[in-house]
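In what follows, a single structure is set out as structure tokens and then discussed.
Keep in mind the model is a prediction, meaning the values are calculated, not measured. In each ligand, atom 1 is the first atom listed, and ligand 1 is the first ligand listed. By convention here, the first residue in the shown sequence is residue 1.
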Amino acid sequence: MAPVLEVANIKKRFGGITAVDGVSFEVREGEILGIIGPNGCGKSTLFNCILGQLQPSEGEVRFDGRVTTGMRPCDLNRLGVSRTFQLLQIFPRLSVRENLILAGQEHEGTMLSRLVGPRDAGLRSVADQMIEFFKLGHLADERAGGLSYGQQKLLDAAMAFMAGPRLVLLDEPAGGVNLTMLANLQDRLKAFNVERGATFVVVEHNMDFVMSLCTRVVVLAEGKVLAEGLPAEVRANPAVIEAYLGH
Ligand SMILES: Nc1ncnc2c1ncn2[C@@H]1O[C@H](COP(=O)(O)OP(=O)(O)O)[C@@H](O)[C@H]1O
Ligand SMILES: [Mg+2]
């Protein structure tokens with residue numbers, strides 16, 4: 001069976017800077033792959049190249065064996081690929097439920113059907129299931145902007161799951177989240193992976209979070225793959241230790 005995602009020799013140059021310098025890896029069905037590396041090593045740029053926000057300068061991306069390099073984010077959504085961004089993408093003035101419904105609409109139908117369709121486009125029940133799954137029931141009607149930062153990050157992740165995607169790429173889901181919410185987020189991501197059979201790629205700065213969540217880890221340094229393996233292997237790798245201690 002083809003891997004869910006194949007990234008082959010991706011390069012991205014910005015003027016004289018090569019932010020991503022020939023990165024290759026595969027993601028297999030049901031995996032939670034972690035991507036770690038020091039700040040500025042190209043993690044977000046790599047995500048943007050995989051997800052169509054940026055055109056890679058070189059290389060190829062395949063989803064389910066099909067070349068998707070350069071496809072638009074909305075077309076990738078329709079194929080079952082979803083993402084979160086490093087910075088929160090929630091609408092602070094809308095309620096938690098409205099945010100989820102809106103996220104679901106982004107993946108569904110045309111702009112016209114969104115304009116003329118019923119306001120919740122039948123997504124209310126899906127949103128309520130997601131609210132229950134993420135244990136946000138007591139906050140369903142609260143304005144998202146009034147939630148704690150950790151709760152907002154949880155909502156942000158839930159929004160990426162609204163389309164029932166096969167592959168979700170999460171860019172620093174744990175960034176700035178306190179310990180209690182971190183455990184909560186990790187627990188929900190693991191449950192979603194197991195119960196819904198979703199495959200994840202998680203970019204994260206928090207080593208402990210990655211090591212306990214991910215089944216395999218890719219380490220980036222200066223736009224290149226420095227190491228790859230099981231969490232314990234990667235943690236013990238001298239080159240990895242040096243790259244982290246050097247920054
Ligand atoms: N749009 C851009 N234009 C120019 N340089 C960029 C752009 N986006 C990122 N970079 C540079 O590319 C490098 C990698 O950045 P980024 O992918 O955000 O790293 P990370 O997510 O690992 O912190 C950095 O040196 C950054 O300054
Ligand atoms: Mg980043």
Open item on the list: Do the side chains of Lys43 and Asp171 get close enough for a salt bridge, i.e. N-O under 4.0 angstrom?
Closed with: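 So Lys43 does not pair with Asp171 through a salt bridge.
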- [ ] Could you go through the side chain to side chain donor-acceptor pair (under 3.5 Å) check for Arg83 and Asn48 one step at a time?
- [x] CA-CA 10 Å; Arg83 78 169 299 181; Asn48 289 335; 2.8 Å; yes
Task: NZ or CZ of Arg196 within 45° of Phe133 ring axis and under 6.0 Å - done: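 Checked: cation-pi criterion met.
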Would you mind checking which non-hydrogen protein atom is closest to [atom], with the distance to 0.1 Å?
atom: atom 9 (C) of ligand 1; answer: Phe14 CE1, 3.5 Å
atom: atom 12 (O) of ligand 1; answer: Ala19 CB, 3.2 Å
atom: atom 25 (O) of ligand 1; answer: Gly40 O, 4.0 Å
atom: atom 18 (O) of ligand 1; answer: Ser44 CB, 3.9 Å

- [ ] Return the set of protein N, O or S atoms whose distance to the Mg ion (ligand 2) is under 2.8 Å, each given as residue and atom.
- [x] Ser44 OG, Gln86 OE1
Under 3.5 Å, side-chain donor or acceptor atoms of residues 155-168 against the rest of the protein: list the pairs with distances, not counting sequence neighbours.
from: Asp156; atom 1: OD1; to: Gln89; atom 2: N; distance (Å): 3.3
from: Arg166; atom 1: NH1; to: Asp64; atom 2: OD1; distance (Å): 3.0
from: Arg166; atom 1: NH1; to: Asp64; atom 2: OD2; distance (Å): 2.2
from: Arg166; atom 1: NH2; to: Glu29; atom 2: OE1; distance (Å): 3.0
from: Arg166; atom 1: NH2; to: Glu29; atom 2: OE2; distance (Å): 3.3
from: Arg166; atom 1: NH2; to: Asp64; atom 2: OD1; distance (Å): 3.4

Open item on the list: Looking at atom 27 (O) of ligand 1, tell me if a protein heavy atom falls under 4.0 Å from it.
Closed with: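 For atom 27 (O) of ligand 1 the answer is no, since every protein heavy atom stays at 4.0 Å or beyond.
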Task: Nearest neighbour of atom 16 (P) of ligand 1 from the list Val20, Thr45, Val203, on a heavy-atom basis - done: Thr45
Open item on the list: Can you name the atoms of ligand 1, numbered from 1 with element, that are less than 4.0 Å from a heavy atom of Asn39?
Closed with: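 Reading through ligand 1 atom by atom, the close ones are 23 (O).
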